[in-house]
Undergrad: 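Structure below; questions to follow.
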Amino acid sequence: MEQQYNPKTIEHEVQQYWENHHSFKAVEDPQQEKYYCLSMFPYPSGNLHVGHVRNYTIGDVLARFHRMLGKNVLHPIGWDAFGLPAENAAIQHQVAPAKWTYQNIQHMKKQFKQLGLGYDWDREIATCHPEYYRWEQWLFIKLYEKGLVYKKNAVVNWDPVDQTVLANEQVIDGRGWRSDAKVERREIPQWFLKITAYAEELLNDLDKLTEWPEQVCTMQRNWIGRANGICIQFDTVDLKTINTIEVFTTRPDTLHGVTYLALAPEHPLSLQAAENNSRLKAFIQDCRSLKVAEAEIATLEKQGIDTGLKAVNPINGEIVPIWVANYVLMEYGSGAIMAVPAHDQRDFEFAKIYNLPIRQVIQPQNTTKEAPCDLTKAAFTEKGHLIHSGQFNGLSSEQAFKAVGDLLQEKNQGKPEIHWRLRDWGVSRQRYWGTPIPMINCPKCGTVPVSEKDLPVILPEDVHFEGVGSPLKKMPEFYETNCPSCSGKAQRETDTFDTFMESSWYFARFACPRQNQTMFDNSVNYWLPVDQYIGGIEHAILHLLYSRFFYKAMRDLGLVKNDEPFKRLLTQGMVLKDGFKMSKSKGNTVDPKSLMEQYGADTLRLFLMFAAHPEQSLEWSDSGVEGAFRFLKRLWSKTAEQVKIKKTRNSNISLSSTAFSSEALSESQKTLRRLCHETIEKVTDDYGRRHTFNTAIAALMELMNALTRFPIQTDMDYLIAEEVLEAIILMLSPIAPHITHALWHALDHQKAILEEQWPKVDTFALITDTLEMVVQVNGKVRAQIVVPIHSDDETLKKMVLNHENVQRHIQGKIIRKVIIVPTKLINVVVS
RNA sequence: GCCGGGAUGGCGGAACUGGUAGACGCGCCAGACUCAAAAUCUGGUAAUGGCGACAUUGUGAGAGUUCGAUUCUCUCUCCCGGCACCA
């Protein structure tokens, strides 16, 4: 074998070997346990960044590890190919989005191969291929037939100069990014998927996701936001057109504390009131220049205007003013709220600004007298018991919830309701580079879905892209068609789907990506659900929730079995540099290409897995890479040395591994074997259960250090060294697959390392007869003692109290107690 | 603003169930090899005091629970992710 580690030639050769042997081709085999490992597919932006490398290396490590455990592994990859950046590139570089995207895919594919990622390339998919999106169009029509699709008006960011809809990302400080014009909210008809029909199940099934990070489940729970409350009707005073205002509240117990109502600026009554109120009209107009983003509204300085109208509190007949306020969302509830400044922080802030009364009606638990709590700085938002609430005084918040609800229901002015924060999913995008929505607008028949036999509706790829508006709207050859129902002249939808549509089902299509008769065939029942899904924490809500929704909807259409698509989830942290998410705009990207050229893919993979726990954000540093490279070089020369010894020694010195357990081993031999098998135990757990590749690598480095210090003099030394070295190489192979492939071959193995089994723990090697315990006095470490295993408490106590350093610290003091934590620690408490 | 997460040596990080804080790596220091340098190998490396044994302090800040807290509870500061048209 070569004396020098030369990653460039090795990696190329090994990659060639995998290619020639179709090493990663996945074939269904009902006899074998399957393992479907998937990293979230990338958007083909053109350049690979370190975050990608991290994501795909984690997936590759797990796929290779489970393969060595004997499972039938599916590890596919594809491209989330539709999206806004392609349109931007089209404008910037005068290249069609399709061409730009395909070039990027080619480029990134090459880089993925250079990274040594073990994908089944036969299953590669790109979402911009008609063979892919035809099934999305087909599914959309099925969902339409099932009543899960509807059309309604919804607000978008409208650029009045460019006459185009803008993404939130394209609105900067309230202005269009290209035109710099003040953005307006505009309502246009759009398609929606009824995800709220699954709200309950999406919430409840989170409990089944025991192998998901708890924080992701919590975020989804909050996002779905089940709210148990009461819908209350306030009658308006002297108003004929709109005689009630509906509000939703989760705190009916605070109903006596209502001092005003607040309407969203888009609320029908707001608009009506503005008709002969120019100040209000101007205010509503002002609110319209807001970007369509919740964060935008929530961080606003609270503003509002009194409409002059009044409403009646149904519980006590009190007349309260009706305001229009910018902090009330039209999308949530009924677009109107009852304001209780004393017990809601946002209402409190608003009331402070406009000098509206703040009336306490809830008193903290455990307080008996009716003393007002401090409401000068903030609202009291917790539950308690009622005061100043007439007949309800003295009730707890929970009791009042029911009592108030009952009374309102009796008076026919309210009813219990469950509200969801989750809103239906708007899937229309007024953009070119996306899946065409398979709908036809007929002047006679209205909206009609495209016939199944006419699918796919193909997106024309050869277009002239100006950047203002979608080219589809200027292409009669695209939109002019006939109505499937009456055959008369009709027009196609020119909007395309939200790109989250494609990513909500691609994981299932990997089971049968070339199937052109049906969306899925029987192979989905073999491969799904995904056993391990890996992706950025930034996808914790939207992508994962949409995918869960799709899966349930597809289940109800009989397309898949099971309730949840992803059994186990690993959310990787961001790769940061100088404390920021890497992005082109910040100019802080690290190019993996130059690192790969300098050190090779194995070093880059090793470093990324070593630098941090996969779920934590990773602070990039160039210097650490050197250390990973050094480790591989040491492993290389250690193996070369071992091979040399092998050649000089008698060839018949092979012993079966049981021989290692014999009493004949020396202390140092036993110690090294024990460390080796402890390491196998730890690394197996780190890979399989904990997914902490960083600590697995640290353990392998420690074992390597021990091996380096172990002198080889006898045949037994040599055999033990070989056992340890082979264990290190095998356990490192999922992370550094090229070098370990070469080293395994150099150690005279015929089988390729990726066909080998994961090393097994020899429990005999773990046996020891002493252990080290820590001795504390009053919780401070004062000594370490080596004790025979299974020592009884009395013996331990005696040993500890006789210890010189312990004696010094307990001298002249009274021993209060001695705490013994078996196998770990003894704490002497004195005073 | 709301929801979720994070903060540990000069740096990246480890400490899994409340039990030796700083594993492993980087960097730095010293030594070996070398005419010299690079590479490589060996040893040291939280701070303070001490020749040393050892002692004191120390995990963003402040409080609390406990024999014992990086770990649990509360309050706060700063940073990161998401907030429905970036993917």
Side-chain angles (χ1 to χ4, degrees), chain A residues 40 42-43 45 80 82-85 156-157 165-171 213-216 218-219 221-223 225 292-300 302 327 331 345-346 349 422-426 428-431 498-500 503 536-543 545-546 571 573-574 576 579-581 607 610-613 615-628 630-631 633-634 637 685-686 689-690 692 694-695 697-702 705 708 772-784 804-805 808 816-819 821 824-830:
Chain A
M40 289 178 187
Y43 176 78
S45 59
D80 189 12
F82 279 134
L84 207 47
V156 292
N157 301 309
V165 175
L166 297 178
N168 278 335
E169 190 187 54
Q170 299 172 314
V171 181
E214 195 45 51
Q215 48 150 320
V216 174
T218 306
M219 278 193 260
R221 233 168 245 131
N222 292 335
W223 184 264
V292 188
E294 196 187 310
E296 203 79 3
I297 294 155
T299 48
L300 270 185
K302 291 190 178 52
Y327 70 97
E331 288 84 10
Q345 186 57 27
R346 286 170 311 169
E349 284 163 25
L422 181 68
R423 307 198 295 261
D424 278 335
W425 175 14
S428 296
R429 295 292 179 271
Q430 298 68 43
R431 275 182 241 303
D498 177 7
T499 56
F500 273 120
S503 55
I537 183 68
E538 67 274 20
H539 296 291
I541 298 177
L542 291 180
H543 163 61
L545 192 67
Y546 291 149
T571 47
M574 305 252 143
L576 310 172
F580 286 105
K581 180 178 174 176
F607 173 68
F610 181 57
H613 183 296
E615 303 211 326
Q616 270 169 14
S617 55
L618 183 156
E619 179 74 31
W620 179 262
S621 82
D622 294 318
S623 58
V625 183
E626 193 71 47
R630 208 171 292 164
F631 175 68
K633 279 194 285 192
R634 282 176 58 206
S637 54
D685 188 48
D686 283 352
R689 177 182 64 93
R690 296 215 300 155
T692 50
N694 54 336
T695 55
I697 294 165
L700 289 173
M701 284 174 167
E702 277 182 84
N705 290 342
T708 310
E772 200 186 71
M773 289 182 80
V774 166
V775 182
Q776 297 181 335
V777 177
N778 283 350
K780 289 201 173 176
V781 180
R782 298 302 179 189
Q784 281 95 6
E804 194 193 332
N805 205 33
R808 282 206 329 199
R816 297 292 173 194
K817 57 179 155 175
V818 178
I819 292 158
V821 181
K824 280 187 181 148
L825 149 153
I826 302 144
N827 187 12
V828 184
V829 185
V830 294

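Throughout, protein chains are lettered first and strands after them, A, B, ... in sequence-line order, and every chain is numbered starting at 1. Worth saying up front: this structure is predicted, and the values here are computed from it rather than measured.
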Undergrad: For Glu702(A) and G22(B), give me the distance from atom CD to atom P, rounded to whole Å.
TA: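 For the pair Glu702(A) CD and G22(B) P, the rounded distance is 13 Å.
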Undergrad: Would you kindly say whether Asn778(A) and Arg816(A) are connected by a side-chain donor-acceptor distance under 3.5 Å?
TA: no
Undergrad: Assign each of Arg423(A) and Arg346(A) to its nearest nucleotide of RNA chain B by heavy atoms, then name whichever residue's nucleotide is nearer the 5' end.
TA: Arg346(A)
Undergrad: Starting at atom CD of Gln170(A), determine the distance to atom C1' of A87(B), rounded to an integer number of angstrom.
TA: 13 Å
Undergrad: Rounded to whole angstrom, note down the C1' distance from C85(B) over to U17(B).
TA: 45 Å
Undergrad: Could you tell me whether the phosphate oxygens of A14(B), OP1 or OP2, come under 4.0 Å of any side-chain nitrogen or oxygen in Asn694(A)?
TA: yes
Undergrad: Report, as a single string ordered 5' to 3', how protein heavy atoms within less than 4.0 Å touch nucleotides 3-9 of chain B: B base, S sugar-phosphate only, - not at all.
TA: SSS----
Undergrad: With rounding to whole Å, what would you report as the distance between U8(B) and A23(B) at their P atoms?
TA: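 That atom pair is separated by 16 Å.
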Undergrad: Counting only heavy atoms not in Glu804(A), do more than 12 fall under 6.0 Å of its CD?
TA: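 Counting other residues, nucleotides and ligands, CD of Glu804(A) stays at 12 neighbours or fewer.
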Undergrad: Out of C24(B), G81(B), C86(B), which nucleotide sits closest to the side chain of Ala698(A)?
TA: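 Among C24(B), G81(B), C86(B), the one nearest the side chain of Ala698(A) is C24(B).
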Undergrad: For Leu166(A), does its backbone N or O pair with a side-chain atom of Asn157(A) as donor and acceptor, under 3.5 Å?
TA: yes
Undergrad: With sequence neighbours excluded, tell me which residues meet ring-ring contact (aromatic ring centres under 6.0 Å, His included) with Trp223(A).
TA: none
Undergrad: Nearest of G19(B), C86(B), C85(B) to any side-chain atom of Glu169(A)?
TA: C86(B)
Undergrad: Produce a footprint string for nucleotides 38-44 of chain B: one letter per nucleotide, 5' end first; B if the base is under 4.0 Å from any protein heavy atom, S if only the sugar-phosphate is, - if neither.
TA: --SSS--
Undergrad: Rounded to the nearest angstrom, tell me the gap between atom CD in Gln784(A) and atom P in U20(B).
TA: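 Distance, rounded to whole Å: 11 Å.
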Undergrad: Using the P atom on both, measure G44(B) against A38(B) and round to a whole Å.
TA: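 Result for the P pair: 22 Å, nearest Å.
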Undergrad: Are the side chain of Glu296(A) and the backbone N or O of Ala293(A) linked by a donor-acceptor pair below 3.5 Å?
TA: no
Undergrad: Scan side-chain atoms only and decide if Thr695(A) and Asp686(A) contain a donor-acceptor pair under the 3.5 Å cut-off.
TA: yes
Undergrad: Given the P atoms of G9(B) and U73(B), what is the spacing between them in whole Å?
TA: 23 Å
Undergrad: Assign a letter to each nucleotide of nucleotides 63-69 of chain B from its 5' end: B, base within under 4.0 Å of a protein heavy atom; S, sugar-phosphate only; -, no contact.
TA: ----B--
Undergrad: Which nucleotide, C16(B), A87(B), C85(B), lies nearest any side-chain atom of Asp685(A)?
TA: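 For the Asp685(A) side chain, the nearest candidate turns out to be C16(B).
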Undergrad: Taking atom C1' of G1(B) as reference, at what distance in whole Å does atom CD of Gln345(A) sit?
TA: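 Whole-Å distance recorded here is 11 Å.
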Undergrad: Atom CZ of Phe607(A) and atom C1' of C26(B): how far apart are they, to the nearest Å?
TA: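 Between C1' of C26(B) and CZ of Phe607(A): 9 Å.
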Undergrad: Could you write nucleotides 46-56 of chain B as a row of B, S and -, 5' to 3', where a protein heavy atom under 4.0 Å of any base atom gives B, of only sugar-phosphate atoms gives S, and otherwise -?
TA: --------SSS
Undergrad: Considering only atom P, compute the distance from U42(B) to C26(B) and round it to an integer number of Å.
TA: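 These two P atoms come out 12 Å apart once rounded.
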Undergrad: Ignoring backbone atoms, establish whether Arg690(A) has a side-chain N or O less than 4.0 Å from OP1 or OP2 of A15(B).
TA: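 True: Arg690(A) side-chain N/O within range (under 4.0 Å) of A15(B) OP1/OP2.
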Undergrad: CG of Asp686(A) versus C1' of A23(B): gap in Å, rounded?
TA: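 It is 12 Å, rounded to the nearest whole Å.
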Undergrad: Is there a salt bridge (charged side-chain N to carboxylate O under 4.0 Å, His left out) between Glu331(A) and Arg423(A) once you walk through the steps?
TA: CA-CA 8 Å; Glu331(A) 288 84 10; Arg423(A) 307 198 295 261; 5.1 Å; no
Undergrad: With C1' as the reference atom in both, quote the distance from G62(B) to U77(B) in angstrom, rounded to an integer.
TA: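 Approximately 11 Å lies between the C1' atom of G62(B) and that of U77(B).
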Undergrad: Using a cut-off of 6.0 Å, state whether more than 12 heavy atoms not belonging to Arg346(A) lie near its atom CZ.
TA: no
Undergrad: Between G25(B) and A14(B), how far apart are the C1' atoms? Round to whole Å, please.
TA: 11 Å
Undergrad: Counting side-chain heavy atoms from CB outward, which of A15(B), C85(B), G1(B) is closest to Thr695(A)?
TA: A15(B)
Undergrad: Using a 3.5 Å distance criterion without hydrogens, assess whether the side chain of Asn805(A) forms a donor-acceptor pair with backbone atoms of Ala783(A).
TA: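 Checked: no pair found.
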Undergrad: Both distances under 3.5 Å, Watson-Crick or G-U wobble: on that basis, could you give the dot-bracket string for RNA chain B, with [ ] for crossing pairs and | for other-strand partners?
TA: (((((((..(((......[....)))((((((.......))))))((((....))))..(((((..]....))))))))))))....
Undergrad: Counting side-chain heavy atoms from CB outward, which of G81(B), A84(B), G13(B) is closest to Glu538(A)?
TA: G81(B)
Undergrad: Given atom NE2 of His543(A) and atom P of C85(B), what is their separation to the nearest angstrom?
TA: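 It is 16 Å, rounded to the nearest whole Å.
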Undergrad: Roughly how many Å apart are U34(B) and U40(B), using the C1' atom of each and rounding to a whole number?
TA: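 Approximately 12 Å lies between the C1' atom of U40(B) and that of U34(B).
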Undergrad: Which residue, Thr499(A) or Gly624(A), contacts RNA chain B at a nucleotide closer to its 5' end, judged by nearest heavy atom?
TA: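 Whichever sits nearer the 5' end wins; that is Gly624(A).
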Undergrad: Please report, rounded to the nearest Å, how far the P atom of G19(B) is from the CD atom of Glu772(A).
TA: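 My rounded result for the distance is 17 Å.
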